[in-house]
Amino acid sequence: AIVLDKTGTLTEGKPSVTDIVAFNGFKEDEILRYSASAENGSEHPLGKAIVRKAKELKIKLLAPEQFKSHGGFGVEAVITGDRVRVGKPKWFDVGLLASAKDDIRRLQSEGKTVMVVSKEDRLSGLIAVADRVKPDSKEAIETLHHQRLKVVMLTGDNPQTAKTIADEVGIDEVYSEVRPDEKSSKVKEITEQGRTVGMVGDGINDAPALAQADVGMAIGTGTDVAIETADVILSSGSLKGIP
């Protein structure tokens, strides 16, 4: 089996904001200002995409206080005295999301990652981010299938978005909503099914999974930690190096 991380491995790892949906009288630039201020300084590709969008639109950011990152869920910070949270829908109370359910489902079915923005536990808006699949990912996966390999995708994304992307490139099996600290145990799980596993990743949080696999392959354009941990470096960043 070949296990692929999604962001930056299967996709280009350059997510960009595609949609902003406002609720409860909030304006789009307001949602962007609060979310980008909370995410400013974040190392996460989705957080960086929000900050980049705010800067493109020349939106002045505010200084966050009491910043806190909740691994695999989102971030929160106090901005001008108000508690702002930006993160995955599953991190929020069901009641808070009642009016946004249809929009969340629609955006996810388009293969986009949806983040919820709340201010003082009141829904402010949704921000959808999309990351393009690398042009040669599908071709590489077809070649792996010809070599009688099972192709698995690991992602922190929700099941709907993950399925849309997996269907696009022909992946056999998907593990979605996998937190960064769970990646290596998922690789172990696949190994325990009696398979020899090649893990392909690019990020800091892929390093334990790369070490756990029988063969770890790092995308050469990824982080130093992933490159240091892997057995094989795919220097071009293309998945066509795997076959």
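Because only heavy atoms are used, hydrogens play no part in the values below, and waters and symmetry mates are left out as well, while side chains stay in.
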Query raised in the report: Which is it for Thr196 and Asp214 under the side chain to side chain donor-acceptor pair (under 3.5 Å) test, yes or no, and what are the steps along the way?
Result: CA-CA 6 Å; Thr196 304; Asp214 296 292; 4.8 Å; no
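- The side-chain hydrogen bond (donor to acceptor under 3.5 Å, both in side chains) check on Lys188 picks up Glu192, with sequence neighbours excluded.
- Residue Trp91 comes nearest to Arg85 through the heavy atom pair O-NH2, 3.2 Å, listed as atom of the first residue, atom of the second, then distance.
- Taking every heavy atom of both residues into account, Phe92 and Gly87 meet most closely at CE1-O, 3.6 Å.
- Residue Leu239 comes nearest to Asp136 through the heavy atom pair N-OD1, 4.4 Å, listed as atom of the first residue, atom of the second, then distance.
- You'll find the side chain of Glu110 stays beyond 4.5 Å of the side chain of Thr164, heavy atoms only.
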Requested in this report: For Lys163 and Asp167, run salt bridge (charged side-chain N to carboxylate O under 4.0 Å, His left out): C-alpha distance rounded to whole Å, both residues' side-chain angles, the deciding distance at 0.1 Å, then the answer.
Outcome: CA-CA 6 Å; Lys163 184 183 182 311; Asp167 289 349; 2.7 Å; yes
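- Here Leu32 contributes atom CG and Glu56 contributes atom CD; the two are 9.5 Å apart, rounded to the nearest 0.5 Å.
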Query raised in the report: Yes or no on side chain to side chain contact (heavy atoms under 4.5 Å, CB included) for Asp19 and Lys112, after CA distance, side-chain angles and deciding distance?
Result: CA-CA 9 Å; Asp19 307 74; Lys112 294 167 183 172; 2.9 Å; yes
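- Looking at heavy atoms from C-beta onward, Ile141 lies in side-chain contact with Leu10 at the 4.5 angstrom threshold.
- Among residues two or more places apart in sequence or in another chain, the ring-ring contact (aromatic ring centres under 6.0 Å, His included) test is passed with His145 by none.
- Side-chain contact between Glu173 and Lys150 is present, with at least one heavy-atom pair separated by less than 4.5 Å.
- Tested against Arg83, the residues Glu76, Glu120, Glu65 include a single salt bridge (Lys or Arg N to Asp or Glu O under 4.0 Å) partner, Glu76.
- The shortest non-hydrogen separation linking Ala1 to Arg195 is CB-CD, 3.8 Å.
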Requested in this report: Go through the steps for Asn158 and Thr161 under the test side chain to side chain donor-acceptor pair (under 3.5 Å), then give the verdict.
Outcome: CA-CA 6 Å; Asn158 67 85; Thr161 302; 2.8 Å; yes
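- In this structure, the side chains of Ile127 and Ser35 come closer than 4.5 Å at one or more pairs of heavy atoms.
- Leu62 and Val51 fall into different hydrophobic clusters, where Ile, Leu, Val, Met, Phe, Trp and Tyr residues are linked whenever their side-chain heavy atoms come under 4.5 Å apart, directly or through other members.
- In this structure the side chain of Lys88 never reaches within 4.5 angstrom of the side chain of Met115, judged on heavy atoms.
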Query raised in the report: Hey, mind stepping through Arg179 and Phe73 against side chain to side chain contact (heavy atoms under 4.5 Å, CB included) and telling me if it holds?
Result: CA-CA 8 Å; Arg179 290 203 315 272; Phe73 290 104; 4.0 Å; yes
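- Heavy-atom contacts from other residues, nucleotides or ligands closer than 6.0 Å to CD of Glu228 number 12 or fewer.
- Each of Val3, Val232, Ile219 was checked for a side-chain contact (heavy atoms from CB on, under 4.5 Å) with Val200, and the lone residue meeting it is Ile219.
- In this structure a side-chain-to-backbone donor-acceptor pair under 3.5 Å is missing from Arg132 to Thr11.
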Report task. Take Asp157 and Ser176 through the side chain to side chain donor-acceptor pair (under 3.5 Å) test and state the conclusion after the steps. Result -> CA-CA 6 Å; Asp157 234 326; Ser176 57; over 6 Å; no
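- Proximity of a side-chain donor or acceptor of Asp131 to a complementary backbone N or O of Gly13 within less than 3.5 Å is detected.
- Residues Leu126 and Leu57 fall into different hydrophobic clusters, defined by Ile, Leu, Val, Met, Phe, Trp and Tyr side chains chained together at heavy-atom separations under 4.5 Å.
- Lys183 places a side-chain heavy atom less than 4.5 Å from the side chain of Val178.
- Closest approach of Ala54 and Leu61 over heavy atoms only: CB-CD2, 4.0 Å.
- When the side chains of ILVMFWY residues are joined at heavy-atom separations under 4.5 Å, either directly or via intervening members, Phe67 and Val116 end up in two distinct hydrophobic clusters.
- For the pair Leu46 and Pro15, the minimum side-chain heavy-atom distance is below 4.5 Å.
- Residue Val84 is not grouped with residue Leu96 when hydrophobic side chains (ILVMFWY) are merged at heavy-atom distances under 4.5 angstrom, including chains of intermediate members.
- The two residues Asp5 and Gly201 have their closest heavy-atom pair at CB-CA, 4.0 Å.
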Report task. Decide yes or no on side chain to side chain contact (heavy atoms under 4.5 Å, CB included) for Val86 and Ile50, but give the supporting numbers first. Result -> CA-CA 10 Å; Val86 186; Ile50 292 175; 4.3 Å; yes
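- Between Lys68 and Val75 there is no side-chain heavy-atom pair separated by less than 4.5 Å.
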Report task. Go through the steps to decide whether Glu30 and Ile59 satisfy the test side chain to side chain contact (heavy atoms under 4.5 Å, CB included), and finish with yes or no. Result -> CA-CA 9 Å; Glu30 224 178 333; Ile59 289 172; over 6 Å; no
